[in-house]
Asks: 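Structure in structure tokens, see below.
The sequence lines fix the lettering, A, B, ..., with proteins before strands; numbering per chain opens at 1.
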Protein chains: 4
Amino acid sequence: MGSPPQRADARRNRERILQAAFEAFAAEGHLVPLDDIARRAGVGAGTVYRNFPTKEALFQAVVTVRIERIVDEARALGGAADPADAFYGFVTQVVERAMFNHAVCEALAADMRGFDASGMDEQFTAALDVLLRRAQNAGAVRPDVDVQDVRALLAGAMYMERGHRRGDRPGHMTSLACDALRPTTKRNETSGPRDETHCEICATPLTPAATGRPARFCSASCRQKAHRRKKASPKTG
Amino acid sequence: MGSPPQRADARRNRERILQAAFEAFAAEGHLVPLDDIARRAGVGAGTVYRNFPTKEALFQAVVTVRIERIVDEARALGGAADPADAFYGFVTQVVERAMFNHAVCEALAADMRGFDASGMDEQFTAALDVLLRRAQNAGAVRPDVDVQDVRALLAGAMYMERGHRRGDRPGHMTSLACDALRPTTKRNETSGPRDETHCEICATPLTPAATGRPARFCSASCRQKAHRRKKASPKTG
Amino acid sequence: MGSPPQRADARRNRERILQAAFEAFAAEGHLVPLDDIARRAGVGAGTVYRNFPTKEALFQAVVTVRIERIVDEARALGGAADPADAFYGFVTQVVERAMFNHAVCEALAADMRGFDASGMDEQFTAALDVLLRRAQNAGAVRPDVDVQDVRALLAGAMYMERGHRRGDRPGHMTSLACDALRPTTKRNETSGPRDETHCEICATPLTPAATGRPARFCSASCRQKAHRRKKASPKTG
Amino acid sequence: MGSPPQRADARRNRERILQAAFEAFAAEGHLVPLDDIARRAGVGAGTVYRNFPTKEALFQAVVTVRIERIVDEARALGGAADPADAFYGFVTQVVERAMFNHAVCEALAADMRGFDASGMDEQFTAALDVLLRRAQNAGAVRPDVDVQDVRALLAGAMYMERGHRRGDRPGHMTSLACDALRPTTKRNETSGPRDETHCEICATPLTPAATGRPARFCSASCRQKAHRRKKASPKTG
DNA sequence: AATGAATGAGGATTCATTCAT
DNA sequence: GATGAATGAATCCTCATTCAT
């Protein structure tokens, strides 16, 4: 039943189902009723079941296709000139893509729920492993993480981006996650907009000044602390 | 409705319901049927509804209790001598506790779904904010993250620990997440057990040797690379 | 949703559901459990929901069909030769039909509860209005009533017939209701069977005579009163 | 259990329950949950059940009290000077009172649902019968109706008033119902506000004139009909 | 006697899956 | 092969009635 059908129209149906399922699962995850998918695909529910024995199998099929592409990309990057770029770029891109896709998210999820079919998981892990080791070998990734850690981090980054999507900083959590992987000497620090409602040093709420520049500190002693601290690590604003 | 009943048996039932709900939600999150919770508690469904007007209210009640404790701890740590320990210890502990608890996970989740009741969310954020700012002030946390970032990271760490639970390294993902928050100069690097099935350098699968010490590299050239690299960063094993 | 299905068996099922719903609603009104309707129709509850999105929609569908017929009849009578017959005949017939039908009763009910769908209510009112005005124009209906009064009276008549169904005089209450609409000069007075257990004049219970013709009055003075009254209005027996 | 309790506080509770039940049933009829009544009465549900074996029995008790009063009034009117006023006044008053009382409505309802307990129904009927016969005897009520007809009409009038409550004409339907009972020669005709959107004669919708007095007829021929008709029965506007 | 907690049978609705057409 | 109709178990929630305290 999972094998591709012979007739042209049947093959077309299968494609349409996969496409509809992709969209539906991407938008709503496992929750979307199968009838909705069938309707989107313009076929009957029975046709879906002819092609995929269960709803879960359909889900698997959908994400397998996606993961296949991702694996392909990972393999393509396996020989890239810059192992660091290859690795971090890959991670970032995967997250970005999955960020808006409930289905891929669930598939690559930390618990890999609903994604152990067809050995795609192993292939993904293996391909990622190559990128990771090359990056580690190049000194771009700390050596004490393994591919499972990275997989988990990937899942976590997707999760964080999905949940804490702040219009202002897309990709911010992913960037943090990547920083967790870097050796200590290299780091991409980015700074967000400053919080003008609390003291930067001790978090005391600030009384907003009616006029003039907003205050940054609650007191002179906090301003002094900030001053001292700035001298100690001058690179971060 | 949420007020504790007077009679001893009723109070006992209420406790049993909360306990059963705690376990059930911890194990399966929002998904568990309310009837299951009632059965676990040894009461009828009606009794659950007498105590909590909706399933959601029960969920809230369960997590509110948990979050309350966490907030209390955060507040207690607000005056700790070592801001760094206070902050990282708190984060680690929260994750550890929530790790096995789907419900708390969902409550503190990145999207805070199903946890806006009773202002507990704000209290949690505020208490965490204090710990964060003190740690930043002490130079123990990079200055370009805010409390929302930390909340997201917390949620992500819980998620990662839940999903990628590897018997061997509990808390490992949390440790990584914490590292993402540290200024570059300080880092807790830990190393896991060596993977004996792949070349350490190029990730080529290794043929296990029938006897003797297991191989670490696939070839002489990889061994050479490893040697060169070791000289460059001598601190990591 | 409400569109008729193509397949023969489905169409048959839909009909059976409508029929079962018609009977069930007729007998018990909105109260019948939907599962009962499904069982009567010999289908699963899901099948009912496939055809009608909610129980209420099913109710509407059932009564809409009935009201449609009634509206059709009203329109057909719009050009009748005798406006009085058309109007009173229509009213009588509507009540007769709805009399045994809780559902139609509820639909045409005084408060029109649960019958504002599909504009059928307005159509009914409009068609009735035409009959009413023609009858008023012909002097067969008192001029100080409007179509809303007639609607109310219709509902009331149905209600009365339903409740006080006396095997002996079906339509009696409707006849009374119609009389309320007639100009004073015309009236259809009908008389029911005489009550042989009370004095006709003062309602004192009568001791039934063991033999002979049953008594009509409790005393000679009442007989006398009746005699006098009979002379005053000789047409009613 | 229906028997009045001995202790003073118990008697007080019983009264409070009856009062609360009266209000609750009046407002919502049979639908109101018993727990609500208990709460309104400030007692536990168990106390309600101690006094009344079922919810239905409570309902009966409540309406029995009300009907008792109505019966008392009917009896008091039995010797009134003017039998016509006594009868029509009574009918009107009963309807007016019940109009805002779901419970009494249901009790006196056409189908007498939920009101066959304690012989109150018979007493009501008997008392009404006396008023009716006296009015008939006085020539104020057509002779071809019996007390069951009047009961039905009462129920119907309540029903109509409840459903078609038009702010503008409270009691209008009751007035109509009374007219149905009058001998042909006497009648209370009232006229409502004229409908300015349809032709008075043929009910054709009227195009509202932008200025000037609103039109009453759709055409000259209808105006002519109206003119002829006015001459025939000059008393009604 | 009073309380109000507990019960549990429904009731409306959804949806994965099967199967007649 | 395709269709979409049918199924019926599952889910949340209500409320009359019973019973332990």
Asks: Show, in sequence, the C-alpha distance, side-chain angles and deciding distance for A:E15 and A:Q19, and conclude whether the side-chain hydrogen bond (donor to acceptor under 3.5 Å, both in side chains) test is met.
Replies: CA-CA 6 Å; A:E15 282 316 308; A:Q19 181 60 25; over 6 Å; no
Asks: Taking side chain as C-beta onward, heavy atoms only, is D:L58 less than 4.5 Å from D:L18?
Replies: yes
Asks: Across all strands, who's sitting opposite F:dC12 as a Watson-Crick or G-U wobble pair, both distances under 3.5 Å?
Replies: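 When the pairing criteria are applied, E:dG11 turns out to be the nucleotide that pairs with F:dC12.
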Asks: Going by atom types only, do A:E56 and A:Q60 share a side-chain donor-acceptor pair under 3.5 Å?
Replies: yes
Asks: Tell me if the side-chain of A:R50 makes a donor-acceptor pair with the base of F:dA2, cut-off 3.5 Å, by modelled atom types.
Replies: no
Asks: Nearest heavy atom decides the nucleotide; on that basis, is B:G44 or D:N13 closer to the 5' end of DNA chain E?
Replies: D:N13
Asks: Which one of D:V43, D:D36, D:I37 satisfies the side chain to side chain contact (heavy atoms under 4.5 Å, CB included) criterion with D:R39?
Replies: D:D36
Asks: Generate the contact string for nucleotides 15-21 of chain E. Rules: B means base contact, S means sugar-phosphate contact only, - means no protein heavy atom under 4.0 Å.
Replies: SSBB-BS
Asks: Rounding to an integer number of Å, can you tell me how far D:L58 CG sits from F:dA16 C1'?
Replies: 13 Å
Asks: Whole Å only: how far is the CZ atom of C:F52 from the C1' atom of E:dA12?
Replies: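 Atom-to-atom, C:F52 to E:dA12, this comes out as 16 Å.
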Asks: Less than 4.0 angstrom from a charged side-chain N to a carboxylate O is my criterion; do D:R12 and D:D9 meet it?
Replies: no
Asks: Roughly how many Å is it from CZ in B:R11 to C1' in E:dT3, rounded to a whole number?
Replies: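 Rounding to the nearest Å, CZ of B:R11 and C1' of E:dT3 are 15 Å apart.
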Asks: In this structure, how many angstroms lie between the P atom of F:dA5 and the CZ atom of A:R39, rounded?
Replies: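 Atom-to-atom, A:R39 to F:dA5, this comes out as 11 Å.
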Asks: Any heavy-atom pair between the side chains of A:E28 and A:H102 that's under 4.5 Å?
Replies: no
Asks: For E:dA20, what is the paired nucleotide under Watson-Crick or G-U wobble rules, both distances under 3.5 Å?
Replies: F:dT3
